[in-house]
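These notes concern the structure reproduced below.
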Amino acid sequence: MTRQRIFASSLAISVFAVAISFAVVRGAATSPASLADDNASSWGFDIANLDKTCKPCDDFYQFAMGGWMKNNPIPAAYSSWGTFTQLADKNQQNLRTVLDNAEKSNAKSGTNEQKIGDFYVSCMDTSAIDAAGTKPLEPELARIALIKNQSDLLTEAARLQRLGTGVLFRFGSAQDAKDSTQVIAVAGQGGLGLPDRDYYVRDDEKSKQTREAYVKHVAKMFALLGDSADKSAAEANTVMTIEIALANASLKNVDLRDPIKTYHPTSLGDLKTLTPNFSWEDYFKLQGRPDIKTINVAQPDFFKALDAQLTATQIADWKVYLRWHLVNSAAAALPEAFVNEEFDFRGKTLTGAKEIQPRWKRCVQATDRHLGEALGQLYVEKYFPPEAKAHALIMVRNLIAALHDDLQTLSWMSPETRAQATAKLEAFAIKIGYTDKWRDYGKLKIDRASYLQNQSRAAEFDFARRLEKIGKPVDRTEWGMTPPQVNAYNNSAMNEIVFPAGILQPPFYDPKADDAINYGGMGAVIGHEITHGFDDHGSQFDAHGNLKNWWSDDDLKNFKGRATCVSDQFDGYVVDGDLHQNGRLVLGESIADLGGLTIAYAAYEKSIEGKPRPGDKDGFTPGQRFFLGWAQVWGANQRLEFARLMANTNPHPLSRFRVNGPLSNIAEFAKAFGCKHGDAMVREKQCKIW
């Protein structure tokens, strides 16, 4: 009954890339060359991707991938179609094979194979879903209808949270930012139906139109539940009024990236002062953790406002709000009319997709979301060769060595800070492919009877699993992504870099490809994740993963000045009309891209030291091929609605800016393609950190 259950406090995890679509396509990057070997050149880049009418020094992204973009229009079911979504699509096909086999296997009850097979079957059984109608929701709707007072409201809200419905706020567990060995309880802002608080508070015409569309969508969903047109319209306005109040009290997404602003350990006594109308003791009992005595209240001002709103808003209005979030979270598991209405708003309006993705793709994604490690275990057995892990580990170590060398020569860093940075780098934990300790789904019941019930049970299982961690030592074997995901991440609190199996394939790493392409692809991904440990967020955590300042005053001032250069650069990129990239929002990813490319290039140069210099391929030098390798993992066509959504909510820059932004700061790129001052791809004020 939920799209997202993970609560990562303080945004400690920085991912390589996030692809957003209505169907939640996850991914980082891929390549047309690698996905269609018959069209690819032997060195790993298809020269048909090029737009030779554009000079590389004018717009390298267009030069490198303009031909691909021209020949690969966005399919109707997608809001963005790029090289990484193609690879995610390929992985989905593989996962479908795993699930089809599980469905037909007659696996023993209680096994992972039985559970993923039955979950997938229940999702695909649209006849049973349509026949059930909204009956699976009726018990919960009845509980909401019986709410008479604030105590009842608290009880039902806590129950809905356990079932994966995001009402009022988020509650879960997280690593203690200042004691990285322990897990603590955490509560954070939430309870909204639109993607971000800014959608509620901005006064521009586009934001107003989106809010109007959202209210109409909410009304239509109430109507599908059986409410009259007039009642549904009134209920939608009630929902919007409550959510606007919650949004006004919420931190901006830029501030959410600051771990200091989201770290407020609070005792039970102080909680009573913070929220006198909300009984945390009762809430903890309802959630099965009456022993909690301290909790990180990530956004205290939000909870002050929520506390006031609990008494200022009538119980009848809160019941409307709960009904909305219940049906909103359950929509994908309800009859077709609900699914289509959800797609009309979240797909068409928010991302620009023209048609919904096939049912099987949505069901594959849902299975990965709810039973990711059960599905992932079977996926890696079939599709992840051991040599891929070995190759990736070699490259990771080469990239760490490159940054290690770089740190020793940085002119702006003092010896004391350099020693701390080196210690942190040397302490990096490296995770490749998949976990060494698979999750135990033994307590989770999955059958073929009801897709909605399967979703609810899976959400409740995961909620309980997360709460069970509170007060216990951190499990450093745990992963934050499932094996099939085409992505990678850095977790500052764990001081680790993680590369799931899904990304360890062409074009990121292809044993048949040219080394320069591999270093420009997977090498830059690895460098990106390593550098995240030293971006504006990761730089605030020490070698043990503790939130601690290990910088000298002068070095920190110098670093922040260099980071501001990057932030200012991305502020200047225009997305649409007066909407620009938010330099502070994308700062961490942009620092990681710049640093990752810098050390990946250094690692590539070091790898060919003492050897004959590789020759040209299709007229491109080794250095040029390295940068083509970077560009090809970002080639994409994106609908305007999707681009606006990304710019408003996502800490990753749009693809064009991810390619051109860092390259315009790199002297080796300018040298490789003969770019000179005055060319668009050579910034007058170049940003340099590592």
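Along the sequence shown, residues carry numbers from 1. The analysis underlying the following values was restricted to heavy atoms, covering all of them including side chains, and did not include hydrogens, waters or symmetry mates.
Proximity of a side-chain donor or acceptor of Arg197 to a complementary backbone N or O of Asn253 within less than 3.5 Å is not detected. At distances below 3.5 Å, at least one donor-acceptor pair connects side-chain atoms of Asn91 with backbone N or O atoms of Pro484. Here the side chain of Gln408 pairs a donor or acceptor atom with the backbone of His404 at under 3.5 angstrom. Using modelled atom types, no side-chain atom of Lys469 and backbone atom of Ser173 make a donor-acceptor pair closer than 3.5 Å. Put simply, the side chain of Arg418 gets close to the backbone of Leu410: a donor and an acceptor are under 3.5 Å apart. With hydrogens and angles disregarded, no donor-acceptor distance shorter than 3.5 Å links the side chain of Tyr199 to the backbone of Asn648. Side-chain atoms of Gln581 come within 3.5 Å of backbone N or O of Leu654 as a donor-acceptor pair. In this structure, Trp412 contributes its side chain and Ile689 its backbone to a donor-acceptor pair below 3.5 Å. Not a single donor-acceptor pair under 3.5 Å links the side chain of His532 to the backbone N or O of Ala592. Listed for the Asn495 side chain is a donor-acceptor partner under 3.5 Å among the backbone atoms of Ala543.
A 4.5 Å side-chain heavy-atom check between Asp555 and Met413 finds at least one atom pair inside the cut-off. Taking 4.5 Å as the limit, every side-chain heavy atom of Gln377 sits out of range of all side-chain heavy atoms of Thr435. When side chains are defined from C-beta on, Lys90 does not count as touching Val486, because their heavy atoms never get closer than 4.5 Å. Using a 4.5 Å heavy-atom cutoff, the side chains of Arg476 and Ser180 are in contact. Side-chain contact check for Leu403 versus Asp406: some heavy-atom pair is nearer than 4.5 Å. Side-chain atoms of Val633 and Val525, non-hydrogen and from C-beta on, never get closer than 4.5 Å to each other. Side-chain contact check for Gln632 versus Trp68: every heavy-atom pair is 4.5 Å or farther apart. Between Pro195 and Leu350, some side-chain heavy-atom pair lies under the 4.5 Å cut-off.
Aromatic rings from Phe669 and Phe626 are positioned such that their centres are separated by 6.0 Å or more. If you look at Phe570 and Phe657, their ring centroids are not closer than 6.0 Å.
The CG atom of Asp258 sits 7.0 Å away from the OG1 atom of Thr262 when rounded to the nearest 0.5 Å. Atoms CG and CD1, on Leu399 and Ile526 in that order, are 5.0 Å from each other to the nearest 0.5 Å. Rounding to the nearest 0.5 Å places CG of Leu504 at 10.5 Å from OH of Tyr509.
Here the options are Tyr601, Tyr604, Phe45, Trp634, the test is ring-ring contact (aromatic ring centres under 6.0 Å, His included), and the partner is Phe627; only Tyr601 passes. When each of Lys437, Lys472, Arg439 is paired with Glu478, the salt bridge (charged side-chain N to carboxylate O under 4.0 Å, His left out) condition holds for Arg439 and for no other.
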* To do: Could you walk me through whether Asp89 and Trp81 pass side chain to side chain contact (heavy atoms under 4.5 Å, CB included), step by step?
  => CA-CA 10 Å; Asp89 217 47; Trp81 185 248; 4.2 Å; yes
* Asked: Going through the distances and angles, do Leu378 and Asn112 end up as a side chain to side chain contact (heavy atoms under 4.5 Å, CB included)?
  -> CA-CA 9 Å; Leu378 295 176; Asn112 283 347; 5.5 Å; no
* To do: Applying side-chain hydrogen bond (donor to acceptor under 3.5 Å, both in side chains), run through Asn491 and Gln175 and close with a yes or a no.
  => CA-CA 11 Å; Asn491 187 342; Gln175 199 167 349; 4.9 Å; no
* To do: Go through the steps to decide whether Thr477 and Asp436 satisfy the test side-chain hydrogen bond (donor to acceptor under 3.5 Å, both in side chains), and finish with yes or no.
  => CA-CA 7 Å; Thr477 69; Asp436 294 324; over 6 Å; no
* Could you please spell out the steps behind the side chain to side chain contact (heavy atoms under 4.5 Å, CB included) verdict for Ser250 and Gln189? => CA-CA 6 Å; Ser250 299; Gln189 66 190 45; 3.4 Å; yes
* To do: In sequence, state the C-alpha distance, the side-chain angles, and the governing distance for Thr351 and Tyr78, and then conclude on side chain to side chain contact (heavy atoms under 4.5 Å, CB included).
  => CA-CA 8 Å; Thr351 75; Tyr78 287 82; over 6 Å; no
Without placing hydrogens or testing angles, list every side-chain donor-acceptor pair under 3.5 Å for residues 556-568, not counting sequence neighbours.
unit_1 : atom_1 : unit_2 : atom_2 : d
Asn558 : OD1    : Arg562 : NE     : 3.1
Arg562 : NH1    : Lys688 : O      : 2.7
Thr564 : OG1    : Lys560 : O      : 2.9
Ser567 : OG     : Arg584 : N      : 3.4

Could you pull out all donor-acceptor pairs under 3.5 Å where a side-chain atom in residues 382-393 meets a protein atom, sequence neighbours excluded?
unit_1 : atom_1 : unit_2 : atom_2 : d
His391 : ND1    : Glu387 : O      : 3.3

Output side-chain donor-acceptor pairs under 3.5 Å for residues 659-666, partner residues at least two apart or in another chain, one line each.
unit_1 : atom_1 : unit_2 : atom_2 : d
Asn660 : OD1    : Phe60  : N      : 3.4
Asn660 : OD1    : Tyr61  : N      : 3.0
Asn660 : ND2    : Asp59  : OD1    : 2.9
Ser664 : OG     : Gln569 : NE2    : 3.4
Ser664 : OG     : Asn660 : O      : 3.2
Ser664 : OG     : Gly661 : O      : 2.8
Asn665 : OD1    : Arg683 : NE     : 3.3
Asn665 : OD1    : Cys687 : N      : 2.8
Asn665 : ND2    : Gln569 : OE1    : 2.9
Asn665 : ND2    : Gly661 : O      : 3.2

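By the 30° and 60° cut-offs, the orientation of the rings of Phe534 relative to Trp550 is perpendicular. The aromatic rings of His537 and Phe541 lie tilted to each other, with the angle between the two planes from 30° to 60°.
Taking each heavy atom of Ser79 and Phe642 in turn, the nearest pair found is OG-CD1, 3.4 Å. When every heavy atom of Phe84 is checked against every heavy atom of Ser655, the shortest pair comes out as CE2-OG, 4.5 Å. Of all heavy-atom pairs spanning Phe428 and Gly533, the tightest one is CZ-CA, 4.3 Å. Heavy atoms only, all atoms of each residue included: Tyr434 and Pro483 are closest at CB-CG, 4.0 Å. In terms of heavy atoms, Pro500 sits closest to Ala488 at CD-CA, 3.9 Å. Residue Leu628 comes nearest to Ala64 through the heavy atom pair CD2-CB, 3.8 Å, listed as atom of the first residue, atom of the second, then distance.
Asn398 and Tyr519 share a side-chain donor-acceptor pair at under 3.5 Å. With 3.5 Å as the limit, one finds a donor-acceptor pair spanning the side chains of His652 and Asn650. For the residue pair Asp196 and Thr649, no side-chain donor N or O sits within less than 3.5 Å of a side-chain acceptor on the partner. Donor-acceptor pairing under 3.5 Å is lacking for the side chains of Gln540 and Ser492. With 3.5 Å as the limit, one finds no donor-acceptor pair spanning the side chains of His264 and Gln299.
Crowding of His544 atom NE2: a count of heavy atoms from other residues, nucleotides or ligands under 6.0 Å not exceeding 12. Environment of CG in Asp554: sparse, with no more than 12 heavy atoms of neighbouring residues, nucleotides or ligands closer than 6.0 Å.
The pair Arg625-Asp515 fails the salt-bridge criterion, with no side-chain N (NZ, NE, NH1 or NH2) lying under 4.0 Å from an Asp/Glu carboxylate O.
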